[in-house]
Amino acid sequence: MTTEPTPILHDENQIIAERRAKLSALRKEGIAFPNDFERKNLAGALHAEFGEKSHDELEAAHVTVSVAGRMLLKRVMGKASFATVQDMSGRIQLFISNGDTGEEAHNAFKHHDLGDILGATGVLFKTKTGELSVRVTQLRLLTKALRPLPEKFHGLTDQEQKYRQRYVDLITNEETRKTFIIRSKVIQAIREFFARHDYLEVETPMLHPIPGGASAKPFITHHNALDMQMYLRIAPELYLKRLVVGGFEKVFEINRNFRNEGVSTRHNPEFTMIEFYEAYRDYKYLMDFTEKLLAEVARKVLGTTVISYQGRELDLGKPFHRLTMVQAVQKYHPQFSDAQLNDRDFLINELQDLKAKYNPKDAVGGLQLSLFEELAEHQLFEPTFIVDYPVEVSPLARSSDAHPEITERFELFVVGRELANGFSELNDPEDQEARFDAQVMAKDAGDEEAMFKDGDYIRALEYGLPPTAGQGIGIDRLVMLLTDSAAIRDVILFPHMRPES
RNA sequence: GGGACGUUAGCUCAGUCGGUAGAGCAGCGGACUUUUAAUCCGUUGGUCGCCAGUUCGAAUCUGGCACGUCCUACCA
C-alpha cells in the first residue's frame, strides 16, 4: 500500500506572488527567517502590569520592552504608523515613526503585510486615547507570511475552512482560541482532581488484538511484522480492570477511542474519554463522585457552576437528578402507570405506535430502555443519572442482587446527551464468561456491535478483581457543555473531514 | 443512511427577466506624525465548485458528480 503525498496546492494568486517577491528581496538582503530575536514581554502581561498606569507615570518610568507577534492590523499615516500584533497572551499596539526608528526602517515597515511575524523593541507609552502601546525604536520582520489573512473584521466564517485550516481560524477568531484554552483547562482540572484522590494515571494499548469494553464497530488495521489483524481501541475498559486485578486500585486514563461509525454534531470517529476505576466502591459512590468532579471542573475552569448552554441555564453545583428509566419516562409522560411500563405487551404496543426502533426479542428492561430513549432521553436537560439498566445491554456490569435482570449501572445525561456511563463492575468470572458467550451469539446472529469474547480478560478475573466501580466520561461532550458549543467539531482541533479534492 | 440548502476575487458578500462580473477588506501606487475595522484619491486581481445539456447567448435554467453546512436517525 502506498501513501498519497499531500497534493501541492496550485492556488497561487497575485497577492501570494507579490509576497513571494518581497520574500525574495529579503533573501537577497540577508537572513530572511532570523531566529535571534529575543522576545522578553508578552502583551497580556504588559497590559496587566502597565494598563492602568497614566501617560505621565509611563513616561517617567521609561519601560523598555521587546514584544513579538503576528501583525493583524496596520494603519499607515505618512511619517508615522500604528500596528497591532498578537501573541499567545493577547494583542498590543505598536507605534512606528520616522522620528523613533528612522525613515528607512519605517519605510520597510510600510511594505510588511498583515500576517507577518514582527519583533519590536521600544518604550511603553499611552496614546491620547489611552491605549497602552510600544513606541518602537527597533523593528524586525521575523517571518514573512506568504498567504493573506482572512478579512480582518469578519475573520474566517466558512465552517469547512475553519475546520480544515484551524491554524487560520485560531489566528483570527478569539472564540476559537478560547474554546481550546478551556478544553486544555478542563483536562488539567480533571487530572488534578484524580491526582488529589490518589489515582494513578496510566496508558493502556490503543492497538488491540481483540476490541473490547464497549459495543461499537472498530477500525481494523494490520500489523506487518506480526502479520496479524489489529483493531484501534473502542474503549480502554478491559485493560484498566486488568490493572485493578494487578493491584492498582485507583486508575484512570485520558485518551482517544476510535469507533467506525457515523459522523455528526455529536460524534467524531476518534474522541476523548476519561475512564477511571476504583476498587471497593460501587455505582452509588460513583454518582456522588461525579457530581463533585463536574462541579469542581466547572468552578475551576469557568469560575462558576451555573452555565448557559444554547440559551438555557443549568447548574452543575446542585445535586443531579436520579431516576430510573421508568421514572424518567413518567416525568415527561405521567399518563403511563408503573403497571403499564412493566407490561411487555403494553411496551411493544407503545413502541409500535411511536414507530420507534426496538428489538422484539427484548425482555421488559430492554423495551423500557427503547421507550426511554424515544420519549425521555433528549429532554433531560439538567444533569440526570438514569439507573437500573437491563442486564442484556450491560455485559460488563454487575447485576443487582435484589433484581438480577437489572444492573448496578447508570448513565449521566446533560443537555439531552449522554455524558457518562458508570457501573459496579462485574467481577464474577463465570458470570462474565456467560455474558461474553451471549454477546458472541448476538454477533453470530448479525449484531455488528456485539462484543468479542476476551479469554485473557476472563483469566484476569479468575485471579480475582476486587469489588470495583468504574466510569467513562466523554471529554469532548463535557467541553461542548462548558464552552456552549453546538457541534463536537467545534471542540476538536482537527476534526475528521473528507480529503480536499 | 434520509431530507433541505449552499459553493462567485486571497477573505466577507451582492449579482434583477438568461445578454458576457460587482462592492468592502486585503494587495499595488499616492496623501497624511496619535490611529483603533484609520481616512481620502487612483488601481491590479475572476476557468462564477466540476462535467454535460437546453439556448443565438448560461454565474443565472436542467441533469449528473464532488465537497460542505444545517436538520434528522444511530453508537459516546
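These numbers were taken from a predicted model, which means no experiment stands behind them. Reminder, nothing fancy here: chain letters follow the sequence lines and each chain counts from 1.
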Give a yes or no on whether the backbone of [Y] and the side-chain of [X] come within a donor-acceptor separation of less than 3.5 Å.
X	Y	value
A:K74	A:K110	yes
A:K443	A:A450	yes
A:S485	A:A487	no

Does OP1 or OP2 of [N] have a side-chain N or O of [X] closer than 4.0 Å?
X	N	answer
A:R75	B:U35	no
A:K22	B:C28	yes
A:R489	B:U69	yes

What integer number of Å spans the [atom1] atoms of [N] and [M]?
N	M	atom1	answer
B:A23	B:U33	P	30 Å
B:C51	B:U7	C1'	16 Å
B:C40	B:U8	P	28 Å
B:G46	B:G2	P	40 Å
B:G10	B:C56	P	34 Å
B:C50	B:A59	P	11 Å
B:A21	B:G63	P	26 Å
B:U47	B:U72	P	39 Å

What stems show up for RNA chain B when you take Watson-Crick pairs (N1-N3 plus N6-O4 or O6-N4) and G-U wobbles (N1-O2, O6-N3), both under 3.5 Å, and require three or more consecutive pairs? B:1-7 with B:66-72, B:10-13 with B:22-25, B:27-31 with B:39-43, B:49-53 with B:61-65
Is [X] touching bases, backbone alone, or none of the nucleic acid, heavy atoms closer than 4.0 Å?
X	result
A:G155	sugar-phosphate
A:I473	nothing
A:D476	nothing

side-chain hydrogen bond (donor to acceptor under 3.5 Å, both in side chains) filter on A:S89, not counting sequence neighbours, yields A:D87
The criterion is side-chain hydrogen bond (donor to acceptor under 3.5 Å, both in side chains); which residues satisfy it with A:E253, sequence neighbours excluded? A:T204, A:R233
Expressed in angstrom and rounded to an integer, what is the separation of A:L369 atom CG from B:C74 atom P? 11 Å
Tell me: CZ of A:R20 to P of B:G45, nearest whole Å? 20 Å
Side chain of A:T127, base of B:U35: donor and acceptor closer than 3.5 Å? yes
Return yes if the base of B:U7 and the side-chain atoms of A:E160 contain a donor-acceptor N/O pair under 3.5 Å, otherwise no. no
Within the sub-3.5 Å range, which N or O atoms of nucleotides 42-44 of chain B have a protein N or O partner, and how far apart are they?
| unit_1 | atom_1 | unit_2 | atom_2 | d |
| --- | --- | --- | --- | --- |
| B:U44 | O2' | A:Q14 | NE2 | 3.3 |
| B:U44 | O2 | A:Q14 | OE1 | 2.6 |
| B:U44 | O2 | A:Q14 | NE2 | 2.7 |

Identify every side-chain donor-acceptor pair in residues 46-56 of chain A under 3.5 Å, counting partners at least two apart or on other chains, and give the distances.
| unit_1 | atom_1 | unit_2 | atom_2 | d |
| --- | --- | --- | --- | --- |
| A:H47 | NE2 | A:R91 | O | 2.9 |
| A:S54 | OG | A:E57 | N | 3.1 |
| A:S54 | OG | A:E57 | OE1 | 3.3 |

[X] bridged to [Y] by N-O distance under 4.0 Å:
X	Y	answer
A:E237	A:K241	yes
A:R409	A:E411	yes
A:K22	A:D113	yes

So, using ring-ring contact (aromatic ring centres under 6.0 Å, His included) as the criterion, who are the partners of A:F385 when residues are at least two apart? A:F320, A:F410
